[in-house]
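Input: one structure, supplied below.
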Amino acid sequence: MTSIPLIGEAVAVAAEPRLAGAKIGVVTFPGTLDDRDAARAVRLAGATAVPLWHADTELGDVDAVIIPGGFSYGDYLRAGAISRFAPLMTKIIDAANSDAKLPVLGICNGFQILTESHLLPGSMIKNDHLKFICRDQTLRVENANTAWTLDYADGQEIVVPLKNQDGQYIADEKTLDALEAEGRVVFRYVGFNPNGSRRDIAGISNAAGNVVGLMPHPEHAVEVGFGPEYLDGTIGSDTDGLGFFTSVLNKIVGGDK
């Protein structure tokens with residue numbers, strides 16, 4: 001029988017001393033919900049989580065940035081549309097597009113913000129069934145060579161929670177064809193498309209691979225006993241999301257493949 005730790009007893013599953021100096025910024029907007037979860041995932045991976053406020057005018061010395069999920073500015077106008085103009089987003093856009101290619105991960109609402117910021121192509125609209133959905137979701141890793149997927153393997157299937165109402169990824173056929181041809185579809189839904197996203201796309205990257213956005217929530221699958229079960233009911237995928245955070249740390253310290 002698997003021993004499940006009590007809350008507060010969880011330890012960093014993959015922490016390594018060489019990763020401890022890495023600093024990952026976690027952005028909070030008005031309405032952000034999952035910033036603390038993302039920060040905890042960073043700490044469990046072995047790095048330091050640095051809180052960043054949307055009105056900050058400097059990124060500081062962070063090595064990467066996570067834009068977490070929630071409903072920034074209440075999703076008024078469109079999900080992520082207002083957040084795109086936050087002072088800190090200007091700095092994130094510049095750093096992501098710079099020669100340094102700052103790694104940026106957008107999760108759920110963060111993915112929406114990345115498309116609104118034009119760091120990633122396409123757009124997010126209401127789920128095709130017009131309802132909020134929350135479930136454990138199987139994903140297939142289509143590109144294990146981005147800054148956020150180095151610790152996975154191409155074709156690997158993982159299970160992480162998904163929760164959204166504006167999760168349908170859309171783009172014109174030319175853009176979709178380009179994403180496929182350039183290997184920029186990073187994750188695809190397996191077994192069930194929960195929101196009608198074109199070509200079952202769950203996550204994409206920019207051309208350089210330093211910016212990744214996806215709708216499911218890897219930060220909710222980083223601790224033994226507190227993550228999702230495999231969809232056949234067996235235990236084992238609790239920490240399937242941890243690889244996002246260890247991947248970027250290994251990239252930062254020079255251990256990427």
**Asked** Are there more than 12 heavy atoms of other residues, nucleotides or ligands under 6.0 Å from atom CZ of F132?
**Response** yes
Next item on the list: Without swapping roles, check the side chain of N143 against the backbone of V185 for a donor-acceptor pair under 3.5 Å.
Entry: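 Checking the backbone N and O of V185 against the side chain of N143, no donor-acceptor pair under 3.5 Å is found.
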Look at the side chain of Q156 and the backbone N and O of A153, then say whether any donor-acceptor pair between them is shorter than 3.5 Å.
yes
Treating N109 as the side-chain partner and G69 as the backbone partner, does any N or O pair qualify as donor plus acceptor under 3.5 Å?
no
Under 3.5 Å, side chain of T32 to main-chain N/O of F29, donor-acceptor pair present?
yes
Checklist entry - Side-chain heavy atoms under 4.5 angstrom apart, residues restricted to Ile, Leu, Val, Met, Phe, Trp, Tyr: same cluster for L59 and V248? => result yes
Using side-chain heavy atoms (C-beta onward) and a distance below 4.5 Å, is V211 in contact with S205? no
Scanning both residues in full, the closest heavy-atom pair of L242 with A41 reads CD1-O, 4.3 Å
Close side-chain approach of E116 to M124, heavy-atom, < 4.5 Å | no
Quick one, I24 and I66 - any side-chain contact, counting heavy atoms below 4.5 Å? yes
Whether N164 side chain and I133 backbone form a donor-acceptor pair below 3.5 Å
no
Here the gap from I67 atom CD1 to T28 atom OG1, rounded to the nearest 0.5 Å, amounts to 11.0 Å
* Going hydrophobic residue to hydrophobic residue with side-chain gaps under 4.5 angstrom, can you get from L130 over to L162? ->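 Different clusters: L130 never reaches L162 through Ile, Leu, Val, Met, Phe, Trp or Tyr contacts under 4.5 Å.
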Open item on the list: Looking only at the side chains, is there a donor atom on one of Q112 and R78 sitting less than 3.5 Å from an acceptor on the other?
Closed with: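 Looking only at side-chain atoms, R78 and Q112 do not form any donor-acceptor pair under 3.5 Å.
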Practice problem: Check P216 against V160 and note the closest heavy-atom contact, atom names and distance. | Solution: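 Of all heavy-atom pairs spanning P216 and V160, the closest is CB-CG2, 3.5 Å.
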Quiz item: Within the side chain of T175, is there an N or O that forms a donor-acceptor pair under 3.5 Å with the backbone of A171?
Solution: no
When rounded to the nearest 0.5 Å, the distance separating OH of Y189 from CD of Q137 is 6.5 Å
Between L52 and L88, is any pair of side-chain heavy atoms under 4.5 Å apart? yes
Practice task
Following the transitive rule for hydrophobic clusters with a side-chain heavy-atom cut-off under 4.5 Å over Ile, Leu, Val, Met, Phe, Trp and Tyr, establish whether I93 and L120 coincide in one cluster.
Solution key: yes
I107 and P68, any side-chain heavy atoms less than 4.5 Å apart
no
task = Could you pull out the closest heavy-atom pair between R184 and N206, with the gap in Å?
result =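 Where R184 meets N206 most closely, the heavy atoms are NE-C, 3.5 Å.
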Legend entry - Over 12 foreign heavy atoms within 6.0 Å of CZ, R188: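 Enclosed: over 12 neighbouring heavy atoms sit under 6.0 Å from CZ of R188.
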query: Do F244 and I158 come within less than 4.5 Å of each other through their side chains, counting heavy atoms only?
result: yes
- Reported CD-to-CD1 distance for the pair E182 and I204, which is rounded to 0.5 angstrom: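 Here the interatomic distance stands at 11.0 Å.
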Going by atom types only, do D34 and H220 share a side-chain donor-acceptor pair under 3.5 Å?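 Yes, side-chain donor-acceptor contact under 3.5 Å.
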Item to check | Donor-acceptor side-chain pairing of D151 and N250 below 3.5 angstrom | outcome: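 D151 vs N250: donor-acceptor pair found between side chains.
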- Message: Using side-chain contact (heavy atoms from CB on, under 4.5 Å), reason through E173 and R199 one step at a time and then give a plain yes or no.
- Response: CA-CA 10 Å; E173 288 299 311; R199 305 190 189 184; 2.7 Å; yes
Q.
Does either side chain, that of D166 or that of N127, offer a donor lying less than 3.5 Å from an acceptor on the other one?
A. no
- Would you say the ring centroid of Y73 lies under 6.0 angstrom from that of F85? no
In this structure, CG of N195 is separated from NZ of K126 (nearest 0.5 Å) by 12.5 Å
| Is any NZ, NE, NH1 or NH2 atom of the basic residue among K163 and D136 found under 4.0 Å from an Asp or Glu carboxylate oxygen of the other? |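 No.
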Closest heavy-atom pair, L249 versus A45, reported as atoms and distance to 0.1 Å, is CD1-O, 3.6 Å
Backbone of L176 reached by a side-chain donor or acceptor of D172 within 3.5 Å: no
Tightest non-hydrogen contact, residues A202 and L139, listed as CB-CD2, 3.8 Å
(message) With a 3.5 Å distance limit and no angle check, can you tell me whether N210 reaches the backbone of L102 through a side-chain donor-acceptor pair?
(response)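 Pair found, side chain donor or acceptor close to backbone of L102.
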Parallel, tilted or perpendicular: rings of F111 and Y169 (30°, 60°):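 Parallel: the ring planes of Y169 and F111 meet at under 30°.
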A96 and L119 have their tightest heavy-atom pair at CB-CD2, 4.0 Å
**Item:** Within one Ile-Leu-Val-Met-Phe-Trp-Tyr cluster: Y152 and L44, side-chain cutoff 4.5 Å
**Value:**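 Yes, it is one cluster - the side chains of Y152 and L44 are joined through contacts under 4.5 Å.
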Between the main-chain N or O of E219 and the side-chain N or O of H217, is there a donor-acceptor pair closer than 3.5 Å?
-> no
- Query: Between F71 and L33, does a side-chain contact (heavy atoms from CB on, under 4.5 Å) hold up when you go through it step by step?
  - Reply: CA-CA 7 Å; F71 302 90; L33 301 180; 3.6 Å; yes
Hey, quick one: are V65 and M89 part of the same hydrophobic cluster, counting side-chain heavy atoms closer than 4.5 Å, chains of contacts allowed?
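Same cluster: V65 reaches M89 through Ile, Leu, Val, Met, Phe, Trp or Tyr contacts under 4.5 Å.
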Could you tell me the separation between the CG atom of D128 and the CD1 atom of I170, rounded to the nearest 0.5 Å?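 Rounded to the nearest 0.5 Å, the CG-CD1 separation comes to 12.0 Å.
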| Say you draw a straight line from CG of D94 to NZ of K91; how long is it, rounded to the nearest 0.5 Å? |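 Spacing of CG (D94) from NZ (K91) equals 6.5 Å.
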Check: Does the pair R40/E223 count as a salt bridge with the N-to-O cut at 4.0 Å?
Finding: yes
*Below 4.5 Å, heavy atoms only, C-beta onward: do V212 and T149 meet side chain to side chain?*
no
message = Within the structure provided, determine whether Q165 and K131 are in side-chain contact (heavy-atom separation under 4.5 Å).
response = no
Counting distance only, does the side-chain N/O of D56 pair as donor-acceptor with the main-chain N or O of W53 below 3.5 Å?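 Pair found, side chain donor or acceptor close to backbone of W53.
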